[in-house]
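Proteins get letters first, then strands, A, B, ... in listed order; numbering begins at 1 in each.
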Protein chains: 2
Amino acid sequence: MRRKAFIDAARELFFANGYAGTTMSSIAGKVGGSKTTLWTYFPSKEDLFAAVVDDIVSQYGDALAIDLPLDKPSADVLRDFGNILISKLTATPLLSLYRLVVGEAERFPHLAETFYDRGPRRGKARAAAWVAEKMARGELRSGDPMRAVQQFAGLCQAGLYQFAVLGMSEGRDLSRLRDDVDAAVDTFCRAWQTQA
Amino acid sequence: MRRKAFIDAARELFFANGYAGTTMSSIAGKVGGSKTTLWTYFPSKEDLFAAVVDDIVSQYGDALAIDLPLDKPSADVLRDFGNILISKLTATPLLSLYRLVVGEAERFPHLAETFYDRGPRRGKARAAAWVAEKMARGELRSGDPMRAVQQFAGLCQAGLYQFAVLGMSEGRDLSRLRDDVDAAVDTFCRAWQTQA
DNA sequence: TCGAAATGATACCAACCAGTACGGCAGCGA
DNA sequence: TCGCTGCCGTACTGGTTGGTATCATTTCGA
């Protein structure tokens with residue numbers, strides 16, 4: 001599939017050089033294809049950019065579809081969920097995509113929305129359903145499930161992840177990222193778990 | 001001061017068009033100055049970019065130096081702090097700067113570091129000192145003060161602020177942002193405050 | 001008033017940009 | 001063998017880029 005090859009090359013170049021810093025010729029050159037073919041698939045640079053974001057989002061959008069068992073203790077499920085969350089979020093494809101989308105949010109607001117809709121929003125909706133059930137069972141204090149999920153995600157991303165977003169090397173220390181998650185689980189449970 | 005005028009114009013254009021999307025000619029044109037003069041102040045585009053980031057950071061770096069009174073109740077201080085924090089963070093200059101720095105983090109890692117050093121790191125250090133004192137007084141459960149501060153900041157930024165970063169209009173609703181802060185204070189106090 | 005320093009206007013450079021035009025080459029079904 | 005489709009290579013356009021060179025003008029202290 002020629003189209004996919006162009007998207008792959010464009011993804012890597014957009015990640016490395018940003019939108020405005022990437023040239024169509026370099027994309028065509030990277031895949032060994034010709035510019036003519038590139039333009040038959042994507043009528044403009046913007047369309048290619050949208051296709052790249054779409055491709056990653058549809059590829060990784062379900063990556064966070066971790067199953068959330070209702071019968072296991074909340075703390076254990078949250079810890080697993082948090083660890084998978086931040087390990088995916090600090091990995092290259094999603095982190096670079098996030099940087100790209102944030103950096104171009106002002107010029108491509110539409111892409112930022114589809115990014116959020118098909119990524120974070122879906123994941124949070126799934127987690128919120130789990131939280132709602134845990135609330136109904138009385139294991140978690142009742143409240144707004146979505147707010148609880150956002151807070152848990154915020155707690156997980158409050159520490160080293162911020163360094164990762166800014167490209168600092170400290171943000172890549174996986175064991176310390178796990179510490180952040182442990183602390184997030186601890187704080188979340190103190191605030192939301194009903195006393196036994 | 002001619003130099004400052006160039007920096008101001010460059011800031012607005014970088015915010016609107018990104019680094020690669022902004023031309024030196026447009027900057028010189030915006031201030032009504034000539035390219036020759038521009039190059040006498042900044043030997044290259046990268047230097048201008050660094051000067052812009054430096055200017056904003058030194059201008060707003062102390063904007064979050066809110067005083068944190070030790071004698072008032074923790075919840076009240078945290079609420080005030082949180083509200084000022086997110087109101088500054090969602091305002092145009094700092095939000096646009098954040099987007100710019102994140103977007104260019106891969107190509108200008110040095111700028112991301114100075115941004116963090118002179119901005120978030122200093123603010124968090126001040127807040128951590130306040131938390132440490134509150135812990136020493138027994139009002140907050142003892143633990144890592146820096147982690148507590150990061151968690152509080154994470155909680156404040158866990159809700160609508162994420163929308164603001166992505167440029168979505170929902171993220172600019174100030175009253176709902178205050179709700180996020182209230183919820184953050186509530187959760188934080190449940191997890192960190194010692195029982196009365 | 002004088003003269004140096006700072007600034008401005010403009011033309012220019014080589015390189016590069018997104019996007020187009022056009023001709024040719026390989027495969028492939030009929 | 002024919003014609004079609006998909007792809008490639010390259011040269012081109014009109015425009016822009018960061019950066020330089022040249023010269024005129026303004027500013028301002030002495």
Side-chain angles (χ1 to χ4, degrees), chain A residues 1-56 96-97 99-101 103-111, chain B residues 1-56 96-97 99-101 103-111:
Chain A
M1 197 63 154
R2 220 78 196 89
R3 183 189 156 90
K4 175 68 171 161
F6 282 125
I7 290 182
D8 289 341
R11 166 172 29 84
E12 293 185 29
L13 288 168
F14 280 141
F15 281 176
N17 309 113
Y19 175 76
T22 300
T23 75
M24 295 292 270
S25 299
S26 72
I27 295 169
K30 180 162 187 137
V31 301
S34 105
K35 294 171 65 173
T36 312
T37 314
L38 179 50
W39 257 276
T40 67
Y41 284 109
F42 309 98
S44 78
K45 189 181 180 181
E46 290 197 17
D47 290 298
L48 214 199
F49 187 51
V52 167
V53 174
D54 217 67
D55 180 69
I56 306 171
S96 294
L97 176 66
R99 287 209 199 102
L100 195 57
V101 168
E104 304 292 339
E106 217 149 300
R107 288 167 295 284
F108 299 92
H110 176 64
L111 291 185
Chain B
M1 197 63 154
R2 220 78 196 92
R3 183 188 155 90
K4 174 69 171 160
F6 281 125
I7 290 182
D8 289 340
R11 165 170 32 82
E12 292 184 30
L13 288 168
F14 280 141
F15 281 177
N17 310 114
Y19 175 77
T22 299
T23 76
M24 295 293 270
S25 300
S26 72
I27 295 169
K30 180 161 188 140
V31 301
S34 98
K35 295 172 66 174
T36 313
T37 315
L38 179 51
W39 257 275
T40 67
Y41 284 111
F42 310 98
S44 77
K45 189 181 181 181
E46 290 197 17
D47 290 295
L48 213 200
F49 187 51
V52 167
V53 174
D54 217 68
D55 180 68
I56 306 172
S96 294
L97 176 66
R99 285 210 201 102
L100 195 56
V101 168
E104 303 294 337
E106 217 149 299
R107 289 167 293 283
F108 299 92
H110 175 65
L111 291 185

Task: Inter-residue atom distance Leu48(B).CG - Arg11(B).CZ, 0.5 Å rounding - done: 12.0 Å

- [ ] Please round to the nearest 0.5 Å and tell me the distance separating atom CG of Leu38(B) and atom CZ of Arg2(B).
- [x]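 So the gap between those two atoms works out to 10.5 Å.
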
Gap between atoms [atom1] and [atom2], on [X] and [N] respectively (whole Å):
| X | N | atom1 | atom2 | answer |
| --- | --- | --- | --- | --- |
| Asp47(A) | dA18(C) | CG | C1' | 13 Å |
| Asn17(A) | dA18(C) | CG | P | 12 Å |
| Phe6(A) | dG6(D) | CZ | P | 14 Å |
| Arg2(A) | dG9(D) | CZ | C1' | 14 Å |

TODO: May I ask you to evaluate whether Tyr41(B) reaches the phosphate of dA6(C), defined as a side-chain N or O under 4.0 Å from OP1 or OP2?
DONE: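 Result: no.
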
Open item on the list: Any side-chain N or O of Thr37(A) below 4.0 angstrom from OP1/OP2 of dC8(D)?
Closed with: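 Checking dC8(D) against Thr37(A), a side-chain N or O does come within under 4.0 Å of OP1 or OP2.
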
TODO: Just jot down the ring-ring contact (aromatic ring centres under 6.0 Å, His included) partners of Phe42(B), sequence neighbours excluded, or say none.
DONE: none

TODO: Under the ring-ring contact (aromatic ring centres under 6.0 Å, His included) rule, collect the residues that match up with Phe15(B), sequence neighbours excluded.
DONE: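 Phe15(B) satisfies ring-ring contact (aromatic ring centres under 6.0 Å, His included) with no other residue.
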
TODO: Could you check if a side-chain atom of Phe49(B) sits within less than 4.5 angstrom of a side-chain atom of Thr22(B), using non-hydrogen atoms only?
DONE: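 Not touching, per the 4.5 Å side-chain cut-off.
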
Task: Test salt bridge (charged side-chain N to carboxylate O under 4.0 Å, His left out) applied to Arg107(B) - qualifying residues, sequence neighbours left out - done: Glu104(B)

Open item on the list: Could you work out, with salt bridge (charged side-chain N to carboxylate O under 4.0 Å, His left out) as the rule, every residue matching Asp47(B), not counting sequence neighbours?
Closed with: none

Open item on the list: Quick one: does any side-chain atom of Lys45(A) pair with a main-chain N or O of Tyr19(A) as donor and acceptor, under 3.5 Å?
Closed with: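 Yes, the answer is positive, given that a donor and an acceptor are paired below the 3.5 Å cut-off.
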
Task: Sugar-phosphate or base contact per nucleotide [nucleotides 14-26 of chain D; S, B, -; heavy atom under 4.0 Å] - done: ---SSBBBB----

Atom pairs, protein N/O to nucleotides 24-29 of chain C N/O, distance under 3.5 Å:
none

